[in-house]
Amino acid sequence: MNKKKLAQFRSQLESIRSKLLGGVEKSNQNVKESEIGQMADISDDAACAYNRQLEGELGEQGWQKLKQVDTAIEKISEEEYGICAQCGNTIPEARLKVVPYTEFCTQCLSEMEKNLKAISINDENPLEEN
Ligand SMILES: [Zn+2]
């Protein structure tokens, strides 16, 4: 993928990210900007506490999405963007345009959905020895 396209995806990802975080910051206005700027310097404990707080405010879905967006931005930096994390094939650009933070190609995703269904069926029928 050429640099121009990567830059487009990157800015798309960053706007998704700031939208997600923007919603949190509105409900969290007591956090000063300078404190956010110092995030890199704070201890792991504090970072974990911050992450837990963020996780609570974003909810499970928003948190998962944020992590996927972060991973995708990292991959752009490492020039690995658009490669399926499961099979290593190139993810079609058409798919990336719809879901720029996707980690998997459509084929792997449908495989995973099948597996998820299989797991949930098993959950409904627990082993008798349990
Ligand atoms: Zn794949």
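Numbering of ligands and ligand atoms starts at 1, following listing order.
For the 3.5 Å distance criterion, the side chains of Gln107 and Glu111 fail to qualify, holding no donor opposite an acceptor.
No side-chain heavy atom of Asn89 sits less than 4.5 Å from a side-chain heavy atom of Ile83. At a threshold of 4.5 Å between non-hydrogen side-chain atoms, the residues Leu66 and Leu54 count as touching.
With waters left out, the protein N, O or S atoms under 2.8 Å from the Zn ion (ligand 1) add up to 4.
Residue Pro100 comes nearest to Ile16 through the heavy atom pair CG-CD1, 3.7 Å, listed as atom of the first residue, atom of the second, then distance.
Taking 4.0 Å as the cut-off between side-chain N and carboxylate O, Lys117 and Glu113 do not count as a salt-bridged pair.
Judged by distance alone, with hydrogens and angles left aside, the side-chain atoms of Thr102 form no donor-acceptor pair with the main-chain N or O of Val99 at under 3.5 Å.
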